[in-house]
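Report on the structure given below.
Lettering follows sequence order; numbering is per chain, from 1. All heavy atoms count here, side chains included; hydrogens, waters and symmetry mates do not. Since the structure is predicted, the reported quantities are computational estimates derived from the model, not experimental observations.
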There are 2 protein chains.
Amino acid sequence: MKYSDYKKLLKNHHLRITDCRIDVLEKFHSTDHALSFKDLEDELSDYDRVTLYRTLNSFIDQGLLHRIPNDSGMAAYGLCREDCTEEEHHHDHVHFKCNLCGHVECLPNYHTPVIDLPNYDIEESYLILNGVCKNCKEELQPVS
Amino acid sequence: MKYSDYKKLLKNHHLRITDCRIDVLEKFHSTDHALSFKDLEDELSDYDRVTLYRTLNSFIDQGLLHRIPNDSGMAAYGLCREDCTEEEHHHDHVHFKCNLCGHVECLPNYHTPVIDLPNYDIEESYLILNGVCKNCKEELQPVS
DNA sequence: ATATTTATGCAACTTAATTGCATTCTGCTT
DNA sequence: AAGCAGAATGCAATTAAGTTGCATAAATAT
């Protein structure tokens, strides 16, 4: 994706165009896994930590990102698909966290199961898988 | 459950019998939902925060409790069933968090789905449902 | 009964995240 | 293009969750 596309994306989500937002968007679009706050802080150290936090939060508020909770307590952030509605954000796809490299991936082809709990209202559901990802498995047992 | 039962429980899990551990066990056994650290701190303020943290951690290490991650980042802790193995702790039941009262419940009758991801090893899975619990629903729309 | 091991309490520290405020920048109007 | 209002940024300080080190106290083993 190019600069003008990021600008459009921000405009579509009612966000002002700033250097930080462009750079953060760029990071998310040029990786195949979710990013933690620390990932961003390390790679975009020109910006103040507070600015990065606020950028992430405004992106979440405007539906550009979704927060992925995990067992370690340090959240990851993943891109929302363009066509994904408010409900889908949370009732939607499965996440995988690798216990070796720590990367969190969205699995858009796998959906959280629909569970019917009598007398309860279910608004969101999160399914998080932990284990060893493809890349780390290959490193452990290289294919000749 | 009575005092001597808690003592047995601790002994079975290779934990020394102390006042704090008995009191924490008692709290967990006299409620139907999972407890957060804050719940314990509020109700057992005689003990130092650090002691409570260490108590929770030793209980987890010995398989008395399991940690339940959630979207807010503040973990809850739930009792493990007596017969539950190491693997089951994580590949096991579903959790529900009420968005109104904040209580986290274990749903031992609902299990996380088994998902097969080609080229990945899945070691644990967490399924967390969020919504409105039975009690809160009744308060909103009282049954006459 | 005493020695050994473990748990507790306190203080200090680490890390993640938020808040207030002055300054700077963006997008809009003219 | 200049000016304005509202929003974003950077900095300092603060909150909150959780951990570590160490001296003292308590629990188990001998």
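Computed from coordinates, the A:Lys7 NZ to C:dT26 P distance equals 10 Å when rounded to whole Å. Regarding A:Asp19, its CG atom lies at a distance of 10 Å from the C1' atom of C:dC25, rounded to whole Å. Atom C1' of nucleotide D:dA8 and atom NE2 of A:His14 are separated by 18 Å, given to the nearest angstrom. As a whole-Å value, the separation of B:Tyr47 OH from C:dC10 C1' is 17 Å. For the pair A:Arg16 CZ and C:dC28 P, the interatomic distance rounds to 8 Å; values are reported in whole Å. The separation between B:Leu56 atom CG and C:dT8 atom C1' is 15 Å, rounded to whole Å. Counting to the nearest Å, the P atom of C:dT18 and the CG atom of A:Leu52 are 13 Å from each other. At whole-Å resolution of the value, CG in A:Asp46 and P in C:dC25 are 15 Å apart.
Closest approach to the A:Tyr53 side chain among C:dT18, D:dT9, D:dA7 is made by C:dT18 (side chain taken as heavy atoms from C-beta onward). In the set D:dT28, C:dG27, C:dC10, the nucleotide with an atom closest to the side chain of B:Ile17 is D:dT28. Here D:dC22 is the nucleotide among D:dC22, D:dT9, D:dC11 with the atom lying nearest to any side-chain atom of B:Arg54. Side-chain atoms of A:Arg21 lie closest to D:dA8 of the nucleotides D:dA8, D:dG10, C:dC10. You'll find that the side chain of A:Thr51 is closest to D:dG10, out of D:dA26, C:dC10, D:dG10. Of the candidate nucleotides D:dT20, D:dG10, C:dA7, D:dG10 has the atom nearest to the side chain of A:Asp48.
No hydrogens or angles considered: a donor-acceptor pair under 3.5 Å links the side chains of A:Glu105 and B:Tyr120. Counted by atom type alone, A:Asp39 and A:Ser36 present one or more donor-acceptor pairs between their side chains at under 3.5 Å. For the residue pair B:Tyr47 / B:Asp23, a side-chain donor-acceptor distance below 3.5 Å is found, with atom types taken as modelled.
No hydrogens or angles were tested; on distance alone, nothing pairs the side chain of A:Arg49 with the base of D:dG10 as donor and acceptor under 3.5 Å.
To the nearest 0.5 Å, the span separating CG on B:Asn57 from CG on B:Leu52 amounts to 11.0 Å.
Both B:Val50 and B:Glu41 lie near DNA chain D, and the one whose nearest nucleotide falls closer to the 5' end is B:Glu41. Of the two residues near DNA chain D, B:Lys38 and B:Leu15, the one whose nearest nucleotide lies more 5' is B:Lys38.
Other residues, nucleotides and ligands contribute more than 12 heavy atoms inside 6.0 Å of the NZ atom of A:Lys137.
Distances shown here put a side-chain N or O of A:Thr18 below 4.0 Å from the OP1 or OP2 atom of D:dT9. Note on A:Asn57: a side-chain N or O is less than 4.0 Å away from OP1 or OP2 of C:dT18.
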